[in-house]
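Contents: one structure, followed by commentary.
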Amino acid sequence: MPDYNSLEKIRLQKLEELRTEGVEAYPTRAERTHTSAQAIAEFEAAEKDASTGSAREVRATLAGRIRAMRSMGKLSFAHIEDGSGKIQLFLRVNEVGKERLAFFDKMFDIGDFIQATGVMMRTKTGEATLQVLDFKLLAKSVSPLPADKDVKQDDGTVIRYAALEDPELRARQRYADLAVNPEVRDTFRKRATIVKALREFLDSHDFLEVETPILQPLYGGAAARPFITHHNELEQDMYLRISFELYLKRLLVGNLERVYEIGRDFRNEGVSFKHNPEFTQLEFYWAYADYLKVMELTERMVAFVAEKVNGTTKVTYGKYELDFKPPWRRVEMRQGILDTSGIDIAEHKTADDLFQAIRAKHPNKTPDPKVTRGKMIDFLLGEFLEPTLIQPTFLYNYPRDISPLAKSMPGDPLTVERFEGYAAGFELCNAFTELNDPLDQEQRFLDMGRDYTDDEEEKNPLDEDYLRAMRYGMPPNGGFGMGVDRLVMLLTNKHSIREVLLFPALRKEEFGE
RNA sequence: GGGCGCGUAGCUCAAUGGCAGAGCAGUGGCCUUUUAAGCCAUUGGUUGAGAGUUCGAAUCUCUCCGCGCUCACCA
């Protein structure tokens with residue numbers, strides 16, 4: 001039994017009264033004929049016709065949740081909200097009678113779902129309103145929605161309304177957040193539009209959407225700690241995937257030339273404004289393309305999606321005005337790091353060399369001296385270059401030792417053909433000309449294992465089956481991965497990944513007895 | 001995991017060692033065009049949980065729980 005608060009107890013009492021009066025509080029069916037938006041549109045069309053002589057009554061049965069009630073003795077106003085928006089209801093004793101009006105005022109609460117049948121009219125203040133002839137309860141709300149208006153007098157002036165704001169409550173009880181904050185519903189509608197637009201774009205470029213295993217016997221394709229689970233019948237541990245990469249590239253071996261997947265990845269890592277343990281990833285692999293072609297496709301794809309969701313490639317993100325219109329700025333990593341940190345990584349070909357250079361130039365900002373050269377470059381990138389990448393930018397040509405699945409630049413064994421897309425200072429996507437040489441790949445896996453022997457958590461298992469697939473022959477190809485949640489953040493001006501996830505990860509809630 | 005901060009009524013917030021409060025919501029009443037309705041009256045609290053200090057704790061201390069920001073981690 002939950003502990004009901006005083007407000008809930010009152011509503012439970014109302015439920016009891018309804019039952020004794022024979023009123024069904026949770027009827028099985030509704031008889032809606034119009035959404036609120038349809039009723040208003042039809043009414044406005046009728047008004048236009050009326051001005052040319054032909055008057056016509058707009059009768060509708062609406063259904064929705066009560067969001068506001070104003071009772072004034074012999075008449076009452078209310079606003080209900082449905083999927084299309086809000087609409088005002090107007091009840092008078094003249095139409096519904098004294099008893100029914102009293103019933104409405106007494107038994108109905110904000111949050112209840114109701115149905116109302118009536119005729120559209122315009123009030124004195126000009127609002128299109130349903131004049132109610134009949135109504136019924138569709139679902140009684142026992143718990144008051146956690147929101148209210150807050151009217152504060154500040155030396156005579158009215159300042160503020162408050163909606164549900166507590167970030168914990170909003171995330172934990174997203175249903176309530178959605179119910180009271182229309183702009184939150186809007187964000188998730190936009191998210192759906194974005195995902196649909198990504199599919200539309202890739203489908204129209206002859207990419208085949210596929211689904212690969214989430215439960216995997218080995219994990220790979222990224223450097224992250226996995227979630228481990230266990231299959232009882234097979235008597236073996238399984239991993240939730242940390243990327244789709246190795247499975248999608250197996251499909252290229254199978255002569256599928258263009259494949260993509262949109263789905264969930266799971267990484268057992270820290271949580272931050274841009275990290276959630278499960279997140280939505282888009283990856284595609286494109287035979288006979290290289291990272292330059294992928295770059296072009298990427299900027300076109302993101303611009304397409306931005307147009308679909310916002311009607312423009314421009315977007316406001318916090319204090320920035322971003323424009324995703326192609327072509328995006330391109331910054332070669334060596335040059336970018338040189339420009340922002342004053343260090344030329346090409347002149348320091350070993351980790352030790354590079355460390356000395358960083359320490360000489362920036363004694364207050366030095367990486368861990370034990371890490372690889374690639375990780376030091378990554379450090380320089382994060383420390384100096386990344387914060388400058390505000391407008392959409394492709395940063396390209398990465399150190400080989402942090403890119404075990406990417407192909408080296410011809411003539412430069414330390415660098416691979418890889419790029420990352422940045423906007424607003426954070427990473428949006430990651431792509432490269434994929435390594436398709438099975439012998440090189442095997443060596444890279446072994447190198448990686450050696451580099452990280454003292455860090456077991458980062459040491460990916462060697463995927464023999466992947467190497468076997470590659471030995472059959474994999475066409476040269478370009479691959480791409482993007483955090484869809486981050487794209488949604490950018491296109492909806494949200495500054496935390498939690499705001500674009502319906503149910504972000506939270507610690508388990510303890511319920512009392 | 002580290003650092004900083006927060007947790008008071010259904011919601012938004014006051015009260016900083018001395019009677020736990022306000023607005024809105026709720027409840028009762030008045031009100032036939034309101035929309036932040038208005039007017040009168042009124043209910044509502046394990047101050048996140050537990051322990052300690054004190055004559056006295058929402059306030060100070062400790063432990064725990066939850067959340068936020070941040071750092072670390074994160075191809």
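Chain letters run A, B, ... following the sequence lines, proteins first and then strands; every chain starts at 1.
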G1(B) and U43(B), which share atom name P, separated by this distance in whole Å:
46 Å
Applying a 3.5 Å limit to both distances, which nucleotide forms a Watson-Crick or G-U wobble pair with U53(B)?
none
Spacing between Ile110(A) atom CD1 and G10(B) atom C1', to the nearest angstrom
11 Å
Met69(A) CE - A36(B) P separation (whole Å)
17 Å
I want to check something: taking the side chain as every heavy atom from C-beta on, are Lys407(A) and Val416(A) in contact at a cut-off of under 4.5 Å?
no
Indicate, with a heavy-atom threshold strictly under 4.0 Å, whether Ile10(A) touches base, sugar-phosphate, or nothing.
sugar-phosphate
Taking atom C1' in both G50(B) and U12(B), compute the distance separating them and give it to the nearest angstrom.
29 Å
Could you state the CG-P distance from Asp109(A) to G26(B), rounded to the nearest angstrom?
7 Å
Residues Arg19(A), Glu16(A); criterion salt bridge (Lys or Arg N to Asp or Glu O under 4.0 Å); working and verdict:
CA-CA 5 Å; Arg19(A) 190 168 303 130; Glu16(A) 195 53 44; 3.1 Å; yes
Just compare C69(B), G10(B), A75(B) and give me whichever is closest to any side-chain atom of Ala223(A).
A75(B)
What's the gap between C62(B) and U53(B) when it is taken at their P atoms, as a whole Å value?
15 Å
Using the closest heavy atom to pick a nucleotide of RNA chain B for each, name whichever of Thr129(A) or Ser6(A) lands nearer the 5' end.
Thr129(A)
Between His348(A) and Ile343(A), is there a side-chain heavy-atom distance shorter than 4.5 Å?
yes
Return the nucleotide paired to A75(B): Watson-Crick means purine N1 to pyrimidine N3 with N6-O4 or O6-N4, wobble means G-U with N1-O2 and O6-N3, both under 3.5 Å.
none
State which of G66(B), C11(B), G68(B) makes the closest approach to the side chain of Arg172(A).
G66(B)
Complement of G44(B), any strand, by Watson-Crick or G-U distances under 3.5 angstrom
none
Does a donor on one side chain sit under 3.5 Å from an acceptor on the other, for Ser408(A) and Glu417(A)?
no
Sticking with atom C1', work out how far A72(B) lies from C4(B), rounded to a whole angstrom.
15 Å
Does OP1 or OP2 of U27(B) have a side-chain N or O of Lys9(A) closer than 4.0 Å?
no
Looking at RNA chain B, which of residues 91-99 of chain A put a heavy atom within less than 4.0 Å of it?
Arg92(A), Val93(A), Asn94(A)
Per Glu427(A) side chain, nearest of listed nucleotides A75(B), G26(B), C31(B):
A75(B)
Tell me if the side-chain of Glu127(A) makes a donor-acceptor pair with the base of U34(B), cut-off 3.5 Å, by modelled atom types.
no
Considering every strand and a 4.0 Å limit on heavy-atom distances, what is the contact class for Ser71(A): base, sugar-phosphate, or nothing?
base
Would you mind classifying the nucleic acid contact of Lys106(A) as base, sugar-phosphate or nothing, using non-hydrogen atoms under 4.0 angstrom?
sugar-phosphate
Mind checking the P distance from U8(B) to G29(B)? Whole angstroms is fine.
33 Å
Which part of the nucleic acid does Arg170(A) contact within heavy-atom distance under 4.0 Å: base, sugar-phosphate only, or nothing?
nothing
With the threshold set at 4.0 Å, does a side-chain nitrogen-carboxylate oxygen contact exist between Asp134(A) and Arg100(A)?
yes
Going by atom types only, do Asn430(A) and Arg418(A) share a side-chain donor-acceptor pair under 3.5 Å?
yes
Work out how far the C1' atom of G17(B) is from that of C55(B), and round it to whole angstrom.
12 Å
Given that both distances must come in under 3.5 Å, which nucleotide forms a Watson-Crick or G-U wobble pair with G21(B)?
C13(B)
Taking C69(B) as the reference, what is the distance to C13(B) when you measure between their P atoms (whole Å, please)?
16 Å
Just N and O in the side chain of Arg498(A): are any of them under 4.0 Å from OP1 or OP2 of C69(B)?
yes
Side-chain H-bond candidate by donor/acceptor type, Tyr422(A) with Glu420(A), under 3.5 Å
yes
Complementary nucleotide of C30(B), counting Watson-Crick and G-U pairs under 3.5 Å
G38(B)
Of the listed nucleotides (U33(B), C74(B), A37(B)), which one gets closest to any side-chain atom of His275(A)?
C74(B)
Would you mind reading off the distance between Lys74(A) atom NZ and U32(B) atom P, rounded to a whole angstrom?
5 Å
Contacts of Arg172(A) that satisfy side-chain contact (heavy atoms from CB on, under 4.5 Å) - sequence neighbours left out
Glu168(A), Leu506(A), Glu509(A)
Within the structure, does a side-chain N or O atom of Arg400(A) lie under 4.0 Å from either OP1 or OP2 of A75(B)?
no
Considering every strand and a 4.0 Å limit on heavy-atom distances, what is the contact class for Arg418(A): base, sugar-phosphate, or nothing?
sugar-phosphate
Using atom CE of Met121(A) as one end and atom P of U32(B) as the other, report the distance to the nearest whole Å.
16 Å
Please measure how far the P atom in A51(B) lies from the corresponding atom in G23(B), and state the result in whole Å.
34 Å
By the 4.0 Å heavy-atom rule, please label Phe90(A) as base, sugar-phosphate, or nothing.
base
Tell me which nucleotide among C31(B), C67(B), G10(B) gets nearest to the side chain of Met72(A).
C31(B)
Touch check for Arg507(A), heavy atoms < 4.0 angstrom, all strands: base, sugar-phosphate only, or nothing?
sugar-phosphate
Would you say Gln88(A) and Arg70(A) are linked by a side-chain donor-acceptor pair, where the criterion is simply a distance under 3.5 Å?
yes
Figure out the CD/P separation between Glu269(A) and A75(B), and round it to whole Å.
7 Å
What is the distance, rounded to the nearest whole Å, between atom CZ of Phe108(A) and atom P of U27(B)?
14 Å
Nucleotide A75(B), atom C1' - distance to CG of Leu405(A) in whole Å
9 Å
Hey, which of these two, Leu75(A) or Asp378(A), hits RNA chain B nearer its 5' end, going by closest nucleotide?
Leu75(A)
Could you check, using the six-membered ring where one of them is a Trp, whether His362(A) and Phe384(A) have ring centers closer than 6.0 angstrom?
yes
If only atom types and distance count, is the side chain of Asp112(A) paired as donor or acceptor with the main-chain N or O of Ser141(A) below 3.5 Å?
yes
Could you please name the partner base of C69(B), counting Watson-Crick and G-U wobble pairs only when both distances are under 3.5 Å?
G3(B)
Quick one: label Ser403(A) by what it contacts on the DNA or RNA (base, sugar-phosphate, nothing), any heavy atom closer than 4.0 Å.
nothing
